[in-house]
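One structure is given below, represented as structure tokens, and several questions about it will come after.
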Amino acid sequence: MTNWYTLNLVDVLKQLNTDATIGLSHKEARQRQDIYGLNELNDRPLESPWKILWEQFTATVVVVLIVAAVISALLGEYKDAIAIFAIVVFNAILGFRQEYQAERAIAALKKLAVPTVKVRRDGILEQLSARELVPGDIVILESGNLVPADCRLLESSNLRTSEASLTGESEPIDKISQQIATANLPLAERQNMAYMGTVISYGRALAVVTETGMKTELGQIAKAIQGIEREATPLQQRLDQLGWILAIAILILVLVIFGLGLLQGESVRLMFLMAVSLAVAAIPEGLPAVVTIALALGAQRMLTQRALIRKLPAVETLGSVTTICSDKTGTLTQNRMTVTHLDLIGHQIELGMPELEELMMPSQKDEQSKLLKEEPATALLLTAATLCNDAIAEFHLEQSNPIQVLGDPTETALIVAATRFGLWKTDIDYAFERITEVPFDAERKRMTTVHELPTTTDKRPDDLSWLKPWELLFNQAPYIAFTKGAVDSLLDISTQVWFDDQITRLNDSWYEKISHANNQLAENGIRVLGIAVRPIESHLLATLPLERHEDVLEKDLIFIGMIGMIDPPRPEVKQAVLTCQKAGIRPMMITGDHPLTARYIASEVGISTNGLMLTGQDMAKLSVSDLSERVDEVSVYARVSPQNKLDIVQALQNRGHIVAMTGDGINDAPALKKAEIGVAMGLTGTDVAKEAADMVLLDDNFATIVAATQEGRVIYDNVRKFIKYTLTGNCGELWVIILAPFLGMPLPLLPLQILWINLLADGLLALALGVEPAEPNIMSRPPHNPQESVFSRGVGRDIVWIGLLLGLVLLVVDYHYWFTGQAAWQTMVFSILTFSRIGLAQSMRSERESIFTLNLLSNKPLLGAVVLTFLLQLAVVYVPLLQDIFNTTGLSLSDLGISLAMSTIVIWAMELDKGLRRYKKAKLNYEL
């Protein structure tokens with residue numbers, strides 16, 4: 001149905017069989033979900049298992065092998081043909097298993113990256129995944145939300161939505177809840193509808209879900225883009241280019257070997273198979289797949305640490321982060337805001353930490369209500385904080401958790417504080433009907449709501465009997481505006497103060513006293529909010545302009561007082577900051593809070609060591625170049641705007657930093673996109689921020705960013721180890737095959753033997769090496785440059801010299817056994833090469849640590865692959881059936897011992913090289 005906007009609200013609810021105050025029951029919601037399915041767009045469908053398996057057989061190198069097997073069969077070499085086919089099938093099964101798991105892992109992560117929504121079920125407000133919505137659900141839409149489904153608005157408070165993604169309209173559209181009688185309107189003119197995927201840019205609303213999933217307007221568009229292919233990550237693209245470079249180089253080598261073999265009198269058939277086998281063995285064709293698998297598995301591991309990766313390339317980028325720009329509240333602190341101070345212009349009330357049971361005690365409620373009657377200013381302060389508040393509170397006295405508050409932690413803390421004094425938000429909201437509002441804005445640092453003063457006794461409960469003095473002071477004004485926000489922001493627009501139940505002019509003396517009290521609280525790490533009011537006459541409200549409400553409502557305010565809240569640092573953050581600093585990562589705090597509060601928390605967790613700080617006002621005086629010069633020495637930024645965040649990111653990038661930036665608001669989206677890693681808050685972040693981010697912190701914890709950064713380094717390290725291991729072994733094979741003909745020797749390895757080594761080494765061993773855990777020093781060294789070559793920092797050098805050494809070892813053994821006429825000469829080369837690859841895999845687990853200090857059980861998949869590879873190689877050498885297939889000869893115990901001993905030469909050489917590097921580093925540190 002597409003004409004929901006033409007119906008009145010009664011008919012809409014009747015057709016959807018729902019109730020605006022109760023919502024659907026859980027039972028009814030489950031039944032509707034069975035009918036309508038999950039509320040999600042059908043993503044590009046997962047590749048079917050058959051397609052993944054087919055791709056294993058259609059890869060270029062595999063096709064070459066299959067052609068080689070067919071030619072072998074036509075030439076009557078059935079044994080070779082069967083063996084090649086068997087290896088191809090085994091390799092395909094291994095590749096299928098890994099790609100199938102990676103595909104499912106990525107799909108599972110995507111399903112987690114779904115926004116949550118406030119839904120009314122069985123009369124109780126709940127926070128659910130948007131995927132669980134069904135037609136008829138009653139939802140609450142707030143500024144910063146993505147609209148989770150197509151909805152008909154039931155109530156609207158200054159709601160505006162940005163529908164550019166759907167209609168192309170660049171400006172936000174004002175929304176209403178009234179019926180629109182005109183039929184066949186375009187989407188942009190259906191003002192009482194909110195559509196899936198659009199953004200709530202202003203205000204809030206109550207709405208009923210009309211369509212979900214692919215039946216939404218966005219779902220209809222999505223059908224046209226289902227065929228878009230997933231892009232490779234930047235690292236995959238670089239490795240793919242590397243593969244082509246290697247392929248060209250190896251093609252030249254293969255042609256040389258082919259020619260040399262023919263000159264030595266080898267058959268064309270043998271040299272053809274040899275050339276094909278060498279090409280397949282030398283090219284690391286599994287690199288892109290290994291990267292995908294490593295990234296997907298890394299993203300899964302990050303999820304267990306409460307970091308949700310939304311964009312897979314972020315996993316590899318995390319390893320190169322040099323600066324983490326973190327918000328304060330909830331990220332560096334516990335996000336457990338509790339009101340501890342009420343400051344009523346010179347009169348302070350200190351509150352202890354409440355127990356939930358205390359809030360429900362009738363005797364306590366009566367006592368607090370009496371206090372409010374005796375001190376109207378306290379009542380005014382708490383009532384203002386409760387009304388100028390978008391958090392939602394519900395009270396169910398019969399339940400174990402009688403207070404359910406959903407919303408921003410600061411706003412929920414205000415509600416809980418008022419409840420401690422017997423002021424129940426549900427009662428106050430009923431008594432003071434909200435007429436209009438100016439939502440919080442990071443530029444203004446304040447929020448304003450306008451309410452109708454209760455005039456009838458039925459809207460004035462006993463607990464609100466202290467309202468009468470207000471009406472006299474406000475000259476019988478019918479409306480009242482409440483404003484809360486940063487104290488300095490409120491003082492700038494206030495002209496009077498409330499003192500001793502009287503209104504007096506705000507002069508310089510009062511300004512200084514209030515600022516001093518604010519600073520004293522902030523110096524102790526207390527977050528401070530100012531509260532102000534203003535009576536509103538009917539004529540002023542009637543002439544209120546549609547745009548720029550704040551220009552009219554936010555001036556000539558009466559400053560009431562301040563509310564102080566404590567949000568202590570998370571206990572684990574201090575260690576996480578130390579870890580960052582050891583790892584060459586610079587942590588920074590960027591917050592909208594008071595500068596003194598920011599400095600206190602930054603000092604507590606170790607971010608600030610020099611006491612330097614910039615505020616938004618300071619930044620306004622700096623040019624881009626000036627800020628770029630200061631950004632390397634200043635680690636604390638307070639009272640910043642979203643534009644300031646963007647400027648800081650740009651300044652850091654100008655200095656060559658790789659930036660991870662946190663954010664939670666709508667206006668943070670540009671900074672999140674600008675940073676190399678945008679990190680959104682999972683608990684308090686808006687849907688817009690989450691959509692713009694690369695990573696979502698499910699626990700809003702700074703320590704989680706650090707843990708994710710470490711995981712990014714682990715993945716990058718393991719990819720480098722895979723490249724180093726694969727190409728080193730391949731170089732060893734190539735050297736012995738190239739040099740042997742120059743000594744007048746036959747080819748030292750048969751095609752099937754090369755393919756077998758390729759299967760074991762580049763398959764089982766290499767993939768197991770890709771899940772190696774973090775090295776001990778991984779967070780004690782600087783981050784890598786994202787533009788660096790995969791051959792940097794010694795990888796290319798090690799590939800060359802270790803590969804050459806391995807080739808020379810094989811050549812010496814090959815020449816000795818061949819020259820002395822021993823039948824097992826080829827089997828010796830075959831076995832030494834296989835055993836050497838086992839040793840290389842173990843030694844390359846760490847670039848610095850000795851193989852003898854590594855815990856064998858820390859990488860159990862690799863240990864299992866080593867044991868399996870060793871047993872399979874022994875089977876190839878000693879089992880008669882396999883001897884016949886691979887042309888091997890059973891080795892004597894002495895020959896087996898020699899092959900094992902010779903295979904360790906490269907290991908000893910690598911360990912010696914590691915030892916020399918450790919010695920040089922220790923000597924350098926000692927000299928420093």
Tell me, yes or no, whether the heavy-atom count around E512 atom CD, taken from other residues, nucleotides or ligands under 6.0 Å, exceeds 12. no

Applying side-chain contact (heavy atoms from CB on, under 4.5 Å), can you list everything that pairs with E132, at least two apart in sequence or on another chain? Q33, L128, S129

Just how far is it from atom CG of L141 to atom CD1 of I200, taken to the nearest 0.5 Å? 5.0 Å

Q348, CD atom: more than 12 neighbouring heavy atoms under 6.0 Å: yes

Under the rule for salt bridge (charged side-chain N to carboxylate O under 4.0 Å, His left out), what residues qualify as partners of E572, not counting sequence neighbours? R570

Can you confirm whether the side chains of N389 and T386 place a donor and an acceptor under 3.5 Å from each other? no

Quick one: does any side-chain atom of N610 pair with a main-chain N or O of E633 as donor and acceptor, under 3.5 Å? yes

A708: what forms a side-chain contact (heavy atoms from CB on, under 4.5 Å) with it, not counting sequence neighbours? M302, A307, L318, M695

Between I563 and L414, is any pair of side-chain heavy atoms under 4.5 Å apart? yes

Minimum side-chain heavy-atom gap H347-I349 below 4.5 Å: yes

Are any side-chain N or O atoms of Q334 and backbone N or O atoms of D567, one a donor and one an acceptor, separated by less than 3.5 Å? no

Does I493 have any side-chain contact (heavy atoms from CB on, under 4.5 Å) partners at least two apart in sequence or in another chain, and if so, which? R446, E554, L557

Under 3.5 Å, which donor-acceptor pairs do the side chains of residues 596-606 form with other protein atoms, sequence neighbours left out?
| residue | atom | partner | partner atom | Å |
| --- | --- | --- | --- | --- |
| T597 | OG1 | I526 | O | 3.1 |
| R599 | NH2 | G611 | O | 3.4 |

Please identify each residue that fulfils salt bridge (charged side-chain N to carboxylate O under 4.0 Å, His left out) with R848, with sequence neighbours left out. none

Across all chains, not counting sequence neighbours, the ring pair (Phe, Tyr, Trp, His ring centres under 6.0 Å) partners of H341 are none

If the condition is side-chain contact (heavy atoms from CB on, under 4.5 Å), which residues does S320 pass it with, not counting sequence neighbours? T317, I658, H784, P786

Taking C-beta and beyond as the side chain, do E350 and T340 meet within less than 4.5 Å on heavy atoms? no

Distance only, no hydrogens: is a donor on one side chain within 3.5 Å (strictly under) of an acceptor on the other, for S489 and R444? no

Could you note down all residue pairs passing salt bridge (Lys or Arg N to Asp or Glu O under 4.0 Å) where residues 520-531 supplies at least one of them, sequence neighbours left out? R527-D593

In this structure, OG1 of T615 is separated from OH of Y637 (nearest 0.5 Å) by 11.0 Å

Residues passing the salt bridge (charged side-chain N to carboxylate O under 4.0 Å, His left out) test with D488, sequence neighbours excluded, are R639

Among all residues two or more places apart in sequence or in another chain, which pass the salt bridge (charged side-chain N to carboxylate O under 4.0 Å, His left out) test with K445? none

Ignoring hydrogens and geometry beyond distance, is a side-chain donor-acceptor pair present between S515 and N518 at under 3.5 Å? no

Might you work through the side chain to side chain contact (heavy atoms under 4.5 Å, CB included) test for T662 and C325, ending with a clear yes or no? CA-CA 6 Å; T662 68; C325 299; 6.0 Å; no

Which residue pairs pass the salt bridge (Lys or Arg N to Asp or Glu O under 4.0 Å) test when at least one of the two sits in residues 705-715, sequence neighbours left out? R301-E711

H657 side chain near D632 side chain, heavy-atom distance below 4.5 Å: yes

Salt bridge between K673 and D694, side-chain N to carboxylate O under 4.0 Å? no

